[in-house]
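Have a look at the structure below, then the notes.
Worth knowing before you read on, the calculation uses all heavy atoms, side chains too, and leaves out hydrogens, waters and symmetry mates.
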Amino acid sequence: MAGLYFEEFVVGHVFQHTLRKTVTESDNMLFSVMTLNPQPLHIDFDFAAKSEWGKPLVNSLFTLGLMIGISVNDITVGTTVANLGMKETVFPHPVFHGDTIRVETTVISVRESRSKPDRGIVEFEHRAYNQNGDLVAKCTRQAMMLKKAA
């Protein structure tokens, strides 16, 4: 399915993304190694076992990327010009190996670009939940979206 064009976004619309992902130990280790993140809470089982969590935490930046990635097929694939920024990113509950993540996205605002007449800016709020319904991540993201060709 192609992404939506600027004109197709309606403020307040909530997308319930059907794609889900069960996070594996391999996902967490690979992401941490690829990003040169040596945080023992993510990659050292012995260290993590002695932490308040008792087991490794999934790297929060992986969780952020997964949350936005899950949304792409439904809303922005092929119609995004660029991500403009993210703000108010929070991780209120940890993600662990074996958690299954689902995502929903709300359109917060839409506005025409002031400098590029062929595009507009859409602000999204993405929310990720684990299999128990715990909110594990949330962020507000601004994306520059193409308009439909005239």
Keeping Asp134 on the side-chain end and Val136 on the backbone end, is there a donor-acceptor pair under 3.5 Å?
no

Check whether any side-chain heavy atom of Phe47 sits under 4.5 Å from a side-chain heavy atom of Leu41, and report yes or no.
yes

Please name the pair of heavy atoms, one in Ala137 and one in Thr63, separated by the smallest distance, quoted to 0.1 Å.
CB-CG2, 3.8 Å

Would you call Val58 and Asp27 a side-chain contact if the rule is heavy atoms closer than 4.5 Å?
no

Within this structure, what is the CD1-OG1 distance for the pair Ile101 and Thr22, rounded to the nearest 0.5 Å?
8.5 Å

Side chain to side chain donor-acceptor pair (under 3.5 Å) involving Thr140 - partner list, sequence neighbours excluded:
none

Straight-line distance of Ile43 CD1 to Leu30 CG, nearest 0.5 Å
12.5 Å

Thr89 versus Leu64, closest heavy-atom pair with distance
CG2-CD1, 4.0 Å

Measure the acute angle between the ring planes of Phe96 and His93, then classify it against the limits of 30° and 60° as parallel, tilted or perpendicular.
perpendicular

Applying the 4.5 Å side-chain criterion to the ILVMFWY set and letting contacts propagate, would Ile70 and Val23 be lumped into a single cluster?
yes

Note: Glu8-Lys147 ion pair, threshold 4.0 Å (strictly below):
no

Same cluster or not: are Leu146 and Val77 linked, directly or through other Ile, Leu, Val, Met, Phe, Trp or Tyr residues, by side-chain heavy atoms under 4.5 angstrom apart?
no

Donor-acceptor under 3.5 Å (Gln131 side chain, Thr100 main chain)
yes

Quick one: pull up CG in Leu84 and CD1 in Ile121 and give me the separation to the nearest 0.5 Å.
5.5 Å

Polar side chain donor-acceptor pair, His17 to Asp74, under 3.5 angstrom
yes

Provide the closest heavy-atom pair for Leu57 versus Pro94 in the form atom of the first, atom of the second, distance.
CD2-CB, 3.4 Å

Nearest heavy-atom contact between Ser60 and His42 is N-CE1, 4.4 Å

Can you tell me how the ring of His97 sits relative to the ring of Phe45, calling it parallel under 30°, perpendicular over 60° and tilted otherwise?
tilted

Could you give me the CA-CA distance, side-chain angles and deciding distance for Arg127 and Glu125, then say whether salt bridge (Lys or Arg N to Asp or Glu O under 4.0 Å) is met?
CA-CA 7 Å; Arg127 293 173 303 282; Glu125 181 183 82; 2.6 Å; yes

Side chains of Phe91 and Lys138: closer than 4.5 Å at any heavy-atom pair?
no

For a 4.5 angstrom cut-off between non-hydrogen side-chain atoms, does Val110 reach Val11?
yes

We want to know whether Gln39 and Asn59 form a side-chain donor-acceptor pair, criterion being a heavy-atom distance below 3.5 angstrom.
no

Can you tell me how far CZ of Arg20 sits from CG of Asp99, rounded to the nearest 0.5 angstrom?
13.0 Å

Check the surroundings of atom CZ in Arg111: do more than 12 heavy atoms from other residues, nucleotides or ligands lie under 6.0 Å from it?
yes

Can a donor-acceptor pair be found, under 3.5 Å and without considering hydrogens, that links the side chain of Thr106 to the backbone of Ile108?
no

Any side-chain heavy-atom pair from Met86 and Gln142 closer than 4.5 angstrom?
no

What is the distance from atom OG1 of Thr105 to atom CD1 of Ile68, rounded to the nearest 0.5 Å?
8.5 Å

What is the minimum heavy-atom distance between Phe31 and Thr35, and which atoms define it?
O-OG1, 2.8 Å

Exercise: identify the closest heavy-atom pair between Asn83 and Ala143
OD1-CB, 4.1 Å

Is Leu4 close to Thr76 at the side-chain level, that is, under 4.5 Å between some pair of heavy atoms?
no

What distance separates Phe62 CZ from Lys21 NZ, expressed to the nearest 0.5 Å?
5.5 Å

For the hydrophobic clusters of this structure (ILVMFWY residues joined by side-chain heavy atoms under 4.5 Å, transitively), does one cluster hold both Val103 and Phe9?
no

Tell me, please, whether Phe6 has Lys148 positioned over its six-membered ring: NZ or CZ under 6.0 Å from the ring centre and within 45 degrees of its axis?
no

Can any side-chain N or O of Ser32 pair as donor or acceptor with the backbone N or O of Met29 at less than 3.5 Å?
no

Are side-chain N/O atoms of Ser109 and Glu123 paired as donor and acceptor at under 3.5 Å?
yes

Got His126 and Cys139 here, is their nearest side-chain heavy-atom distance under 4.5 Å?
yes

Polar side-chain atom of Ser113 near backbone of Ser115 as donor-acceptor pair, under 3.5 Å:
yes

